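Below is one structure; the comments refer to it alone.
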Amino acid sequence: MQKASVLLFLAWVCFLFYTGITLFTSGFLLTRLELTNHSSCQEPPGPGSLPPGSQGKPGACWMASRFSRVVLVLIDALRFDFAQPQHSHVPGEPPVSLPFLGKLSSLKKILEIQPHHARLYRSQVDPPTTTMQRLKALTTGSLPTFIDAGSNFASHAIVEDNLIKQLTSAGRRVVFMGDDTWKDLFPEAFSKAFFFPSFNVRDLDTVDNGILEHLYPTMDSGEWDVLIAHFLGVDHCGHKHGPHHPEMAKKLSQMDQVIQGLVEHLENDTLLVVAGDHGMTTNGDHGGDSELEVSAALFLYSPTALFPSTPPEEPEVIPQVSLVPTLALLLGLPIPFGNIGEVMAEVFSGSEDSQPLSSALAQASALHLNAQQVSRFLHTYSAATENLQAKKLHQLQKLFSKASADYQWLLQRPRGAEATLPTVIAELQQFLRGARAMCIESWARFSLSFLLLHLLAAGIPVTTSGPFTVPWQAVSAWALMATQTFYSTGHQPVFPAIHWHAAFVGFPEGHGSCTWLPALLVGANTFASHLLFAVGCPLLLLWPFLCESQGLRKRQQPPGNEAEARVRPEEEDEPLMEMRLRDAPHHFYAALLQLGLKYLFILGVQILACALAASILRRHLMVWKVFAPKFIFEAVGFIVSSVGLLLGIALVMRVDGAVSSWFRQLLLAQQR
């Protein structure tokens, strides 16, 4: 058997596994088709008249704009309890003293003094809770794919319709400062930008201080319509120290001063939005779907009255993507085409002096526009792919048709609107929430193609004749040792447990704008056991010969050769060890192929078990916390191991070729 034949056959088997992994990923890990359609003012989201006041006004589109400007302050990893106002101490109960509690005191002050101007929400984040995926959700209103978590090191430009695209198309001046992830997501989209490197989590101040250097001068210049500031200090402090460290109190106090300064600089036509993209665990990490990771803060403030009522005692819980359609309509922009978020109807109610009927009608108008946009997206998406469940889609379309008809009837007969409006609002909200739930469920369906390809790859015969055979027990033990080493070195198959500090080994000052090198260092640290054991797997062929003893050789002497053994005791007693491979060189490559197939089979069984667990439990509450991350780690580990196995076998073949050449030269020299 030739060297090239062995390597090509093993590569073909690896390709079968890779294809199976890809098919399963496309059928399970929140995969969806990214539509390139864009909303526009010239194309209303659906039939029927637009809301009153949306036509004939400068800057009006689907709905008349409420604000001319927006300041979006994104505080990375701003967990909800970091911003939650602290109630007075209750006598008899022990006081709670944590470094991060009560540091954003300006929010509590504003909510108490100006209750009709501000609201604090608990923003419910969709996993994965990594920054790039959250930025996609905050600008498109859709769900990023789960597997995109791996591309958090190297972001790619967003091709879907998004808020930034709508702003630039409308001629709005968008100024950005902060995390350089935005540079890759929205290339050349900003009229002015100040980017700062984001990956050095040990640096708590460079990005934040750089923003503060430009923030207030930019606001005072007036040369902007939308100002985005993405602070990273809180997130980096969590990664470096955790949320319970005194440094967290300092960073939150600094953010509190920023909010106070912005409130003082706001004009009446400007909306202030303070948001966290995700939360963090008790260790300061994020990426999964624990309650602390998916719970972020969202704060809205307007110098003019925005809400008709005072804030509730417990902040309302809203999906994070709800911010996208809300901001779009408040600014007089079309809602991004692929948005599945629900508008925050409360902000369209008007001021405290507004009549209840007009407030409810304004809410219904915003919800109806939102529902038309979502219905249009579902229709377009279902025509392009069959991912959506037909039965649920039909039920939702019937619900939308009824709600839309009731809304149109309401506009034609305003006298009976007061009794009908709550029903119409409830129907529209039911449709929007049902559509979002269906999309999440439909984009997480299991494909049997993965199982079929694995069975095909596993059905390849892995037995060959010859003297060199490594038993299944040894190969299985070798694969299990690789897994044991992964865990014993402190790794876990979950994103929060990744050793991010490995990115700075040898580079204490960071990497600048380079992203591939830290990703390579973290990957090497995480999957080092997979790589080392895979490269060393071919050595299992040599181990029995290296352990060969003189006693074993003597017991293998055939009967009747005792006299010959006494004549040449030294020659017979000396073990040949790995040189016995020269006894049957034509079987050596076949044995390597057999060993490689056995190792791939065992690795394939492991990843198949993970895929089956993830698919069977795909509706389990913990699927995105345990089973999906486990599958991703196993899939990446399989790819690393298979590449390492091919490299190890190629290296052994190269050494064997050199030994064979030397052996032939030695025989020729002896014959002379």
Side-chain angles (χ1 to χ4, degrees), residues 24-35 122-130 132-149 160-162 277-279 287-291 293-296 317-325 335-344 370-371 373-382 384-397 399-400 428-447 495 614-629 631-632:
F24 180 83
T25 299
S26 64
F28 176 72
L29 290 178
L30 283 179
T31 55
R32 61 184 177 87
L33 177 67
E34 291 187 343
L35 301 179
R122 182 193 293 266
S123 179
Q124 195 72 17
V125 178
D126 296 302
T129 50
T130 49
M132 190 194 74
Q133 284 67 38
R134 294 301 91 226
L135 295 183
K136 286 184 176 181
L138 283 168
T139 53
T140 64
S142 189
L143 297 176
T145 57
F146 189 86
I147 197 65
D148 273 349
E160 291 183 283
D161 195 9
N162 57 81
D277 57 342
H278 52 73
D289 67 342
S290 67
E291 180 61 29
E293 292 171 276
V294 301
S295 179
V317 179
I318 63 167
Q320 187 182 55
V321 292
S322 296
L323 183 63
V324 175
I335 300 175
F337 190 90
N339 165 74
I340 59 171
E342 173 192 343
V343 293
M344 300 156 60
N370 188 189
Q373 169 265 315
V374 172
S375 176
R376 182 183 64 176
F377 166 72
L378 294 179
H379 177 76
T380 306
Y381 190 92
S382 61
T385 180
E386 298 181 355
N387 283 355
L388 298 179
Q389 302 176 36
K391 183 178 179 180
K392 290 189 175 181
L393 181 63
H394 179 67
Q395 294 174 348
L396 285 172
Q397 291 295 0
L399 177 61
F400 169 72
L428 292 170
Q429 290 177 331
Q430 182 182 358
F431 165 75
L432 290 168
R433 293 167 188 176
R436 180 171 176 270
M438 182 193 65
C439 288
I440 294 175
E441 184 178 2
S442 298
W443 292 334
R445 289 189 293 178
F446 174 59
S447 173
F495 294 107
S615 60
I616 293 172
L617 301 170
R618 61 190 180 277
R619 298 294 176 259
H620 194 279
L621 182 64
M622 304 291 285
V623 64
W624 302 119
K625 184 178 183 63
V626 177
F627 304 112
F631 168 75
I632 291 176

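All values reported here derive from a predicted model rather than from experimental measurement. Position 1 is the first residue of the sequence; numbering continues from there.
A donor-acceptor pair under 3.5 Å is absent between the side-chain atoms of Q320 and the main chain of D126, judged by distance alone. Side chain of N370 to main chain of G341: a donor-acceptor pair is present (N/O by atom type, distance under 3.5 Å, no hydrogens or angles).
Screening Q389, Q430, M438 for a side-chain contact (heavy atoms from CB on, under 4.5 Å) with L396, the sole residue that qualifies is M438. The residue from D161, I340, N162 that alone fulfils the side-chain contact (heavy atoms from CB on, under 4.5 Å) condition with T140 is N162.
From S375, atom OG reaches atom CG of L399 across 10.5 Å, with rounding to the nearest 0.5 Å. Separating the NE2 atom in H379 from the CG atom in L393 is a distance of 9.5 Å, to the nearest 0.5 Å. Considering CG of L138 and CG of D277, their distance stands at 7.0 Å, rounded to 0.5 Å. Here K136 contributes atom NZ and E34 contributes atom CD; the two are 6.0 Å apart, rounded to the nearest 0.5 Å. Between the CZ atom in R134 and the OG atom in S123 there is a gap of 9.0 Å [rounded to 0.5 Å].
Under the rule for a side chain to side chain contact (heavy atoms under 4.5 Å, CB included), the partners of T385 that lie at least two apart in sequence or sit in another chain are L33, Y381, N387. Listed by chain and residue number, L163, P336, N339 satisfy the side chain to side chain contact (heavy atoms under 4.5 Å, CB included) test with V324 (two or more places apart in sequence, or in another chain). Taking F431 as the reference, F400 meet the ring-ring contact (aromatic ring centres under 6.0 Å, His included) condition, with sequence neighbours excluded.
Closest of all the heavy-atom pairs between G338 and Q373 is C-NE2, 4.2 Å. Closest non-hydrogen pair, P325 versus V343, comes out as CB-CG1, 3.5 Å. Listed here is the closest heavy atom pair of V321 and R436: CG2-NE, 3.8 Å. Nearest heavy atoms, E160 versus L35: CG-O, 3.7 Å.
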>> Assess the residue pair R433 and E342 against the criterion (salt bridge (charged side-chain N to carboxylate O under 4.0 Å, His left out)); give the C-alpha distance rounded to whole Å, side-chain angles, the decisive distance to 0.1 Å, and a yes or no.
In response: CA-CA 7 Å; R433 293 167 188 176; E342 173 192 343; 2.9 Å; yes
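Side-chain contact between Q124 and V294: present, with at least one pair of heavy atoms (C-beta onward) separated by less than 4.5 Å. Taking 4.5 Å as the limit, every side-chain heavy atom of S295 sits out of range of all side-chain heavy atoms of V317.
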